[in-house]
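What you see is a predicted model; the values in this text were computed from it and never measured. By convention in this document, chain letters (A, B, ...) are assigned in the order of the sequence lines, proteins followed by strands, and residues within each chain are numbered from 1.
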Amino acid sequence: MDKVYKHQNVEKKWYSLWEKNGYFTPQENSKVRPFTIIMPPPNANGSLHIGHAMFLTLEDLMTRYHRMQGIPSLWLPGADHAGILTQVVFERKLEKEEGKSRYDLGREEFFRRCMEFTLSNKKTMENQMRAVGASCDWERERFTLDPKFNIPIYTTFVNLFNDNLIYRAERMINWCPRCATALSDLEVIYREQKDPLYYLKYGPFVLATVRPETKFGDTAVAVHPNDKRYKKFIGQEIEFETLLGRAKMKVIADTAVDMKFGTGAVKVTPAHDPLDFEMGQRHHLEIRQVIGYDGRLNEKAGKYKGMKVKEARKVVAEDLQKLGLLEKIDENYIHSVSICERCKTIVEPMVSLQWFVKTKPLAQKAIAAVKKGDIKIIPKRFEKNYFIWMENIRDWCISRQLWWGHRLPVWYCGTSSLSPLQLSMNPDLKKMKNNGCGEIIVDVKTPSSCPKCGNKELIQDPDTLDTWFSSGQWPYTTLGWKQNDEKSSRDFNYFYPTSVMETGYEILFFWVARMIMLGFYSTGKIPFTTVYLHGLVRDAFGEKMSKSKGNVINPIDIIGKYGADSLRMSLVYGTSTGSDVKLSEGKIQAMRNFSNKLWNIGRFIRMNMDFFLQKNVEIPKNVPVKNLNSDDKRILLDLESLQKKVTRNLDSYQFAKAAESLYEFIWHELADKYIESSKTRLRENDRIALGILRHTYLESLKLLHPFMPFITEEIRSKIQEEEKNPLIISKWPNI
RNA sequence: GGACGCUUAGCUCAGCUGGUUAGAGCGUUGCGUUUACAUCGCAAAUGUCGGGGGUUCGAAUCCCUCAGCGUCCACCA
């Protein structure tokens, strides 16, 4: 054995041995309830980052622990096509490397290239997951955009539609002009910034707005019904000067108006503001769209047509000033603007015909499942977040004008049913002659003809589904729901509902909440019984890791330098559930040192075993029961309490505590104390000392194996030749 | 605006249901190489446990309050 542990020589060797021997594939046993984790599928548009290493470590740890307990344990790996994110990443790459846009390639070619890109990333990531030591069942590996998932995903869509839980409607949505798609509320983030607040003269009123460029879409002025200042105007029509000549506008009263803000009177632009849209609905106001989907003003803005929003804002304000219609500007107004989560472009609220999931009825059951305790969220404090969000949930816009994703299972008979947006974005469809009756067909299978008029030339909705609509069904689609083959239904019946959903707290709403809603809806069962949430991995100073800050710790580099075991241990040790983890190279080094300590204990034992062999002293295979001295008794007692502690901690998801106890025991009890005190005894060929030492060490290796699988496997093979089974399938101590 | 979390040694954090001199790792300082390991061992130093108030025989630990930091949610023109 080398003086220093060299992970480079051992990690690959053990991984391929485990994989080749099929240890990752559970042996089904109808008498035992399995342990199942569905891996949160990493987005296949880059390579493995430290966040992935985090969940891989935790999930592997749980899987290995249960596997060693003799429970059929399935950890099902996968990859996510990650709709909008991958499209954005790939579009950037295309622009950078070839100077092309997606429109240059055309839809089919773009999809094909994007698939090529995704599959190649996916392959890289799979090997990187192997390097971390992930003992997942590759035979059951899944990919969200695999065509075989079309049927289950479409089935859910069709069922929801038939139950009136999916509907198509013209609603206010978030529009990203850069990505050219609608976004759900969750895909929008807010950024605080300072913008001028303009006070505009509207006849007898002065109105405050940050968006003078939308004034061409104004269809009313609103005041609070109790506002004494404006009471006399309510219900009247005022006439006043504008940039495009004289205009008339109704004055409405609505309680949504805050009397204390600005002048207490507000311009109402139903087409471009969510609050105004709602007011518009209540007062039956015209929705006058003045900003196009390209982020530019349209013909309704007269001479300002074609200007981008930002430019128009400036010019309009200047022109208003010239005409004396601008009373004042508050330059220090701070408010939050909504931006696209993926490309950081400012999002335009727009009224658009899209598809929505009616979430309230789905949320009720999902809330109840957690309230009743059928699903447990760890740490518990996140339950409150979950409840608050679920109780205030809004309908979910699931149609995207992207090319990368699942097409909607919706067909139109003729072009008349397509939305104006879809027609403008798809020139081919616009060119088509409208030769249908307008029927809308929602079906799992592509319909051959219109059931109403028999037309055979149906048009599939060009939109794609929100990526979370498919990943929200991940726990049951991966296990073969609606796959109609024997193995799939066996898997579904045996492994579903799954045991633990382990993921980052940042996707509790995006993903976990939707899985609970859709899982319940589609299968009538909860998708998992426990949700375990881990924190974000940050740098040593608590800063978020990012390429621009240069503080990124790349797990693959770390594995090359210190080994996967050190990385894994450093992601578990000294952390607390659901809290962010601070990681530094120093911490990883500390764990590498621990690996080396562990290695040298093994080396010390091996060395003594060799001395015994040379001297023809029999090496004890079992723990001697007689003639134990106080050191022996003490270490055995400590070992027993360690076994209990680690088991208890793992059962209660206290992984850090388990790791810390192991570290403490192995280094400071076994190495520092027991080994030191046994040295003289070993020199005198004391078989008891070697027997206890070896036994204690081998038992510790078992307990440590889920945390540090490679080194434990390697050392055990060196000091326990008589055992043919590797540690990965060894028996966890019965306590 | 609402919710949640954090504030304990130079740094990163344990201290759960209140009870002897407040702990660990890293770092610092001193000493050390006998059958493993210098990626090591032994030893030492360092804290009015964010401020204030309360409950209690007793509080880092429970309650109230203030402050700072962080995160999430929300349609503040």
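B/G1 is paired with B/C73 under the criterion used here, namely a Watson-Crick or G-U wobble arrangement in which both key atom distances are under 3.5 Å. Under the Watson-Crick and G-U wobble criteria, each requiring two contacts below 3.5 Å, nucleotide B/U55 is left unpaired. Searching all strands for a Watson-Crick or G-U wobble partner of B/C40 with both distances below 3.5 Å returns B/G32. Across all strands shown, B/A67 is found opposite B/U7 as a Watson-Crick or G-U wobble partner, with both distances under 3.5 Å.
A/Phe655 and A/Tyr653 have perpendicular rings, their planes meeting at more than 60° on a 0 to 90° scale where under 30° would count as parallel. Using cut-offs of 30° and 60° for the angle between ring planes, the A/Phe509 and A/Trp389 rings count as parallel.
Side-chain N/O atoms of A/Lys587 include none lying less than 4.0 angstrom from OP1 or OP2 on B/U12. Taking side-chain N and O atoms only, A/Arg381 has no distance below 4.0 Å to OP1 or OP2 of B/G5. Phosphate contact (OP1/OP2 of B/A3, side-chain N/O of A/Tyr386, threshold under 4.0 Å): absent. Distances shown here put a side-chain N or O of A/Ser576 below 4.0 Å from the OP1 or OP2 atom of B/A14. Contact between the side-chain N/O atoms of A/Arg683 and the OP1/OP2 oxygens of B/U34 is not found at any separation under 4.0 Å.
Residue contacts for A/Tyr333: at a heavy-atom cut-off of 4.0 Å it reaches the sugar-phosphate backbone alone, with no base atom in range. Nucleic acid contact for A/Asp672: sugar-phosphate only, since backbone atoms but no base atoms lie under 4.0 Å from a heavy atom of the residue.
Within 6.0 Å of NZ in A/Lys201 there are more than 12 heavy atoms belonging to other residues, nucleotides or ligands.
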